[in-house]
Amino acid sequence: MFDVSKGDLVGLVIGPGGAGGAGGAGATAAVATGTATASVTLDEVATMEAEHGPRWVVWSQATTGALVAAGIRVARAWDLVAVHRLLYGGWSSDPGRIWARLNGLSTANLPQVRPPDLFNQVDPAAAGNDPIDDDGYVRAEWAAGAWAESPERAAAWARLAWRTAQLQQGWLDASSDPARMTATARSESAAELLCAELAHDGLPLDRERAEAIIESFVGRRPRSDADAAVLRAERDELVLRHAPPDSRFDLRSPGQVKSLLRRIGIEVTDTRAWRLESLRDEHPLVEALLAWRKAERVATTYGYAWLDEYVGDDPDTGAGRLRGEWSGSDGAAGRMTASAGLHNLPGDMRGAVVADDGWVFVRADLGQIEPRVLAAVSGDVALARASADDDMYTPVARQLGVDRATAKVAVLGAMYGQTTGHGAQALRGLQQNYPVAIEYLEAASRTAQVGTDLRTYGGRLVRMGTANANDVSERDLRSHAAARGRYGRNAMVQGAAAEFFKLWAVTVRARVAPLGARIVLCLHDELLVHTPLESAEATARLVDECLQEAAHRWAPRPVAGAPPVRFLTDLSVIGCWADAKD
DNA sequence: ATCGTAGGCGCC
DNA sequence: AAAGGGCGCCTACGAT
């Protein structure tokens, strides 16, 4: 059907109705290259994947999600949103904005879909068969869904995706390091595939265990709204009985908690747990309040409502699955994000994350990823040498003539912008012994402070925005500049670490699939792989091999005289996430 | 009534 | 002198 080879770009769109019969009414899936287009069924997409292994150009995770839902897991992708975020920073974008940026068109007044009203009837014929309007912009109606109204339009939409990918590749080629940025674009695109699969598969979670854990914190499941109110009041009473009689304070209002504390003779600027920690012995109410807070967190965020909303079944086995939405590169530095509490499950709840019968988890996290990444991206020879040690802080401490704890605080402080306390003194030692790494951070901080954008090692644009100088005091301006400095400094390390992690993750995704294993959780520097018991050892070996492969591909050219930076994992095979030792 | 912000806390 | 970054999610609260 198509003259394509492995890795060639092929535009792919899938309409809301999925793929009907090829060319027939309702066939809204289409593929396109620069020379051919076709309406296709999802079966035909699967065949093309198996026979040609192209790199599928998709507008967003929506297409990938439709594929996964249809049971198709492709190897390669070019995700236009993911590459857009790499090139231009920021968050999600629609086709209109992506196209405009690539073509040098202003994005200040992007065409909008006008809601149909008495005077503005949408005329389906008006949109024609060209997704690009006379002014060069993408027709907003197309982006809003009109592209799926006919096979011809779907084909044109797939063709536009292909053309957009070509434009993006052109911009990557025009960068200072085309090979590296292209590698990042491909890795980030694969991460979006992984995200679609994570969202579909879900994290194995034992409902009964989860219920038991919740119950241990907040008591039994309420039978009604009224019952819930009673139980809530009972939990509040455990704190309020320590309060002055006839007083009325709302524990959920930080301001009122502050007033309450003042009434019992405790004056604080805020009521955060770490601040109250040292005041535990001052008054029994403090202890009760801290326990209440912990329970309240479970009750509101990880309680029965959370369970009911986000935990469903595996379609095959009926086992519990916690599902959320996944994004491959949200936020400043391009980390993965997840909803439904997947990225911030309380430690106590991990006891409910249990592998299916006959399956286990291979859990692996990257050891000291940020200082190792700093060594790699900065090209600091001395720091790269230190990375040879299982514990980087040991050689650093020896070099600086301080204890390990001080060395660790100093290194972390340097990366995060902290310059006070014990770290400050050791910072000077870092400057002397690891000048390249420290200067890398300082340069990022200086650039960020004046509001200039940065790019991570992998090429992601970190936008610094602009300070609103008119309504802040001189003092605030300075603190804003300092904050921007910390932000930029941190984004360079955290961002590069995120890129490296994703390269590792997508490599694992590809390698363990033949074993029947699947990644079920990505947690910034940690992978949880669900694998059949008999494949556990092989999976574990692959996870480690993939790290070495990723490290080799990610930083192939160490500075002359420097050893390659060493990366390592802490790896365990477990039946329950809580069994991980740490 | 709806919205955005702030305080707070979970994880890395 | 002092300064930690990121995210999601909850509640209260003030502004609109």
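In what follows, every chain begins at residue 1, and chains take the letters A, B, ... in the order their sequences are listed. This is a predicted model, so every value here is computed, not measured.
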[X] near the nucleic acid: base, sugar-phosphate alone, or nothing, with a heavy-atom cut-off under 4.0 Å?
X: G324(A); result: nothing
X: A340(A); result: sugar-phosphate
X: Q256(A); result: sugar-phosphate
X: A338(A); result: sugar-phosphate
X: R272(A); result: sugar-phosphate

Problem - I438(A) CD1 to D380(A) CG distance, which is reported to the nearest 0.5 Å - result: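 If we round to the nearest 0.5 Å, I438(A):CD1 and D380(A):CG are 8.0 Å apart.
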Choose from [options] the nucleotide whose nearest atom is closest to any side-chain atom of [X].
X: S253(A); options: dC9(C), dC12(B), dA12(C); answer: dA12(C)
X: S339(A); options: dT11(C), dC9(C), dG4(C); answer: dC9(C)
X: R252(A); options: dC10(C), dG6(C), dA12(C); answer: dA12(C)
X: N490(A); options: dG4(C), dG8(B), dC10(C); answer: dG4(C)
X: R293(A); options: dG8(B), dC11(B), dG4(C); answer: dG8(B)
X: A482(A); options: dT11(C), dG8(C), dA3(C); answer: dA3(C)
X: R297(A); options: dG10(B), dG7(B), dC12(B); answer: dG10(B)

Handout entry: Pair Y457(A) + W554(A): ring centers closer than 6.0 Å
Key =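 Distance test on ring centres: under 6.0 Å, yes.
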Handout entry: Same-atom distance (P) from dG7(B) to dG4(C), integer angstrom
Key =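 To the nearest whole Å, 16 Å.
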Practice task
Check if the side chain of R335(A) and the base of dC12(B) share a donor-acceptor pair of N or O atoms closer than 3.5 Å.
Solution key: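 A donor-acceptor contact between them is present.
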Problem - First encountered from the 5' end of DNA chain C, between A333(A) and E309(A) - result: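 The residue whose closest nucleotide sits nearer the 5' end is A333(A).
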Exercise for the section: Whole angstrom is fine here: how far is it from CH2 in W274(A) over to P in dC11(B)? Expected result: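 Answer to the nearest Å: 18 Å.
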Exercise for the section: Nearest whole angstrom, please: distance from the P of dG8(B) to the CD of E296(A). Expected result: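 It is 14 Å, rounded to the nearest whole Å.
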Practice task
Give me the ring orientation class for W326(A) and H343(A): parallel if the planes are under 30° apart, tilted from 30 to 60°, perpendicular past 60°.
Solution key: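 The rings of W326(A) and H343(A) stand perpendicular, inter-plane angle above 60°.
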Practice task
For the pair H530(A) and F361(A), name the ring-plane relationship: parallel under 30°, tilted 30 to 60°, perpendicular over 60°.
Solution key: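 H530(A) vs F361(A) ring planes: tilted.
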Problem - N or O in side chain of T337(A) less than 4.0 angstrom from dG6(C) OP1/OP2 - result: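 Negative; the distance criterion is not met.
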Exercise for the section: Tell me, yes or no, whether the heavy-atom count around E325(A) atom CD, taken from other residues, nucleotides or ligands under 6.0 Å, exceeds 12. Expected result: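 For E325(A), atom CD is not crowded (no more than 12 foreign heavy atoms under 6.0 Å).
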